[in-house]
Protein chains: 2
Amino acid sequence: MAATLTERRLFILKIVVQEFVETATPVASEMLVRKYGLGFSSATVRNELATLEDLGYLTHLHTSAGRVPTDAGYRFFVENLMERTSLSMAEQRMIRHQFYQVRGELDQWIQLAGAVLARTAQNASLVTPPRAEHLRFKNLELISIHETMVLAVLVFHGGIVKQQTFSPDTARSAEDLRRCAGQISDQLADLTVSQVEDLITHDAQQLAPLFGDFEHGVIDLVTHAMQTFEEQAREQIHSDGLLEMLSQPEFIPSLTRDDAERAVERLRRALEILKNGRGLGPLIPQALASEGVQVIIGGEHSEDEMREYSVVLARYGVGGTVTGVLGVIGPTRMAYPRSISTVRYISSLMTSLLGDLYAGETRPPFEDGL
Amino acid sequence: MAATLTERRLFILKIVVQEFVETATPVASEMLVRKYGLGFSSATVRNELATLEDLGYLTHLHTSAGRVPTDAGYRFFVENLMERTSLSMAEQRMIRHQFYQVRGELDQWIQLAGAVLARTAQNASLVTPPRAEHLRFKNLELISIHETMVLAVLVFHGGIVKQQTFSPDTARSAEDLRRCAGQISDQLADLTVSQVEDLITHDAQQLAPLFGDFEHGVIDLVTHAMQTFEEQAREQIHSDGLLEMLSQPEFIPSLTRDDAERAVERLRRALEILKNGRGLGPLIPQALASEGVQVIIGGEHSEDEMREYSVVLARYGVGGTVTGVLGVIGPTRMAYPRSISTVRYISSLMTSLLGDLYAGETRPPFEDGL
DNA sequence: CCTTAGCACTCTCATACCGCGAGTGCTAAA
DNA sequence: TTTAGCACTCGCGGTATGAGAGTGCTAAGG
């Protein structure tokens, strides 16, 4: 019961986890001695495995099957056993190059980040668009599409853009629109949603002398756009790499019928998680509030449907101004060192890119070794 | 051999197709007489089924299994047998309402169209963004994000917007940027990509007196943005409804081991088709060049990986100006009448919405009954 | 000539059973 | 404390078996 973690036990736990992560088959005592040239017999290893099982780090699906790490085992591995690695220079270079090719196109960063995370970690990925806790208005442009249709382009701090068309009651000249946009831009500059709301409810008279119906209509539009935008941005989780994750053995059924069935069911569940962000919801705010790379393993999730999955998350961007979350999601049997270093690298990279874009305090351009 | 299609055979073919589409199990002679109260015996039906099989409209997986339509059978059904239906008024109203709620946000139309198609047809859907064959430049805005970063917002005819950031060599005042954007807008107004290219290669001197390095840099940026945008727009296929399609029985494995395996394999394939648009590519230009609803059934596809799927497609938007393609994709055993009426309705709706947006000739607002 | 009852035949699907091989747990000895 | 030896467990693939569903054919009847 009160067994202690000797050096040897730590080592065995470590190689069991590594072995299982690599092969996806329960690991047997005999093969450990063979493969790792341990200086003691399989019987000894079996004893040690039994102790590690008592300690809660390993299990046994069935009496005659090899050992498999428990969630606690993975946790211990991540916390104490694994060595902290980085992506190879070549990989880092390649990734940087890909981001360089879409420089200037923020929308594509998210997509690219998702794709790169997925491919590098061979699992699914999730990325939320970079957002300020509260959007701050910067600029408004009104562009006439035709007589009865106007395109409003709202620009927010951090280079975030939202477009919306509307049809004003009365036709306006391009010059007119420009003037109107300029006036409103001046009025709303640097305000958050709630400040804009305050402005139109409390200080309406302050605007009234200058603005007519049209201007008020536009301000209403802007307010509404900001509200919905902020709201839907909060929930929006971009996910990718479904195919990569499905190439994991967990989703490839063996020839036995009920395993195939389970694989299909797993697959369907995974799809639902990624599609609607089901089960991921609670993680985002939590990740936004933390520093560094977060790892949530299997049963540690608050949601039941996530019990078989682990998530590796990190915040990116500049706290307080423009931030998002990105990460990797996959079966608990995940190459944690690899996932963690991938997430760490991509989040630094995105942070640096956003830093360039955003006027505020920029972190120093991160180093490769990070 | 030279059997003819009597009235009775047509009817039997029709109910076989309908029955198989509904139940997804091979249809037996006995059950047809029972379920449809046919005035003749199952033996007679068996004879008729055999003739229909000779004619190539039905098959038989195995000697002792019921009949299943062939691709030709589905084709004949779609062409001659099925009755043309429309979505119910209630459904139409609900869909219109959803589109109303995202009025003004073109990006969301595509997403919504995909979701609605999928849910209504209970299959996967695909939507390409509405695009002109050739983008026509309309307007450029340059907005300073901070000293060394400028946001360029390119507006094209049809209300299409592309945003791109860049960092000019020299800092520019907001006023300066505005003037520059105005000049370039004037110069490039109404031009297509190739016309812009012509302008900068052949008539460079015509611009030169007015423009400095900065202006030329911006024009290069615009050109590049237009090129890549047009290119990537051409390939971009938005897909949705994977989950809906996967709820079709084809993807739900029965308890037998090899069927489960096949289901998983099918699933993986389907994923690849939807993810990268593999197999869908050739359909898009074809659909863009046609009027009305297109149906491509199983083996009629040019691509092998599509042999088990049918696609129902329609163009939407105003030909020659801004158009896209949308449709439904699912197993060949598809509720064709339903899919076709869904696609028809959504494409009319999108056409009408785009008509409002785009200044050119608008179709009359379509009627419910359409 | 078309229809139909009857029946043999085929094939799938589910279940049970068997034997093998992998791997453990335990015991007893070094 | 380690380890060799061994019995025991269990999953897995293969095969046999039986039931059920549905067809194809044949021969009789309208």
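Labels below follow one simple rule: chain letters A, B, ... track the order of the sequence lines, proteins then strands, and each chain is numbered from 1.
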> For the base of C/dT10, is there a side-chain donor-acceptor partner from B/Ser64 under 3.5 Å away?
Replying inline: yes
Integer-rounded Å distance: [N] [atom2] and [X] [atom1]:
X       : N      : atom1 : atom2 : result
A/Leu61 : D/dG11 : CG    : P     : 9 Å
B/Arg46 : C/dC9  : CZ    : C1'   : 13 Å
B/Leu49 : D/dA21 : CG    : P     : 19 Å
B/Leu32 : C/dT4  : CG    : P     : 14 Å
A/Asn47 : C/dG23 : CG    : C1'   : 14 Å
B/Met31 : D/dG22 : CE    : C1'   : 12 Å

> Does a side-chain N or O from A/His62 land closer than 4.0 Å to OP1 or OP2 of C/dT24, or not?
Replying inline: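 The answer is no; no side-chain N or O of A/His62 sits under 4.0 Å from OP1 or OP2.
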>> Taking CZ in B/Arg268 as the centre, count heavy atoms belonging to other residues, nucleotides or ligands within less than 6.0 Å. Is the count above 12?
In response: yes
> Is there a donor in the side chain of A/Glu19 and an acceptor in the side chain of A/Tyr36, or the other way round, less than 3.5 Å apart?
Replying inline: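 Yes.
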>> For a quick check of understanding: with a heavy-atom distance under 4.0 Å over all strands, which category does A/Ser29 fall into, base, sugar-phosphate or nothing?
In response: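 The residue A/Ser29 makes sugar-phosphate contact but no base contact.
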>> Please classify the nucleic acid contact of B/Val27 as base, sugar-phosphate, or nothing, using heavy-atom distances under 4.0 Å.
In response: sugar-phosphate
> Do the side chains of A/Met334 and A/Val328 get nearer than 4.5 Å, heavy atoms only?
Replying inline: yes
>> Show the nearest heavy-atom pair for residues A/Ala270 and A/Phe251, with the distance to one decimal.
In response: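 In terms of heavy atoms, the two residues are closest at CB-CE2, 4.1 Å.
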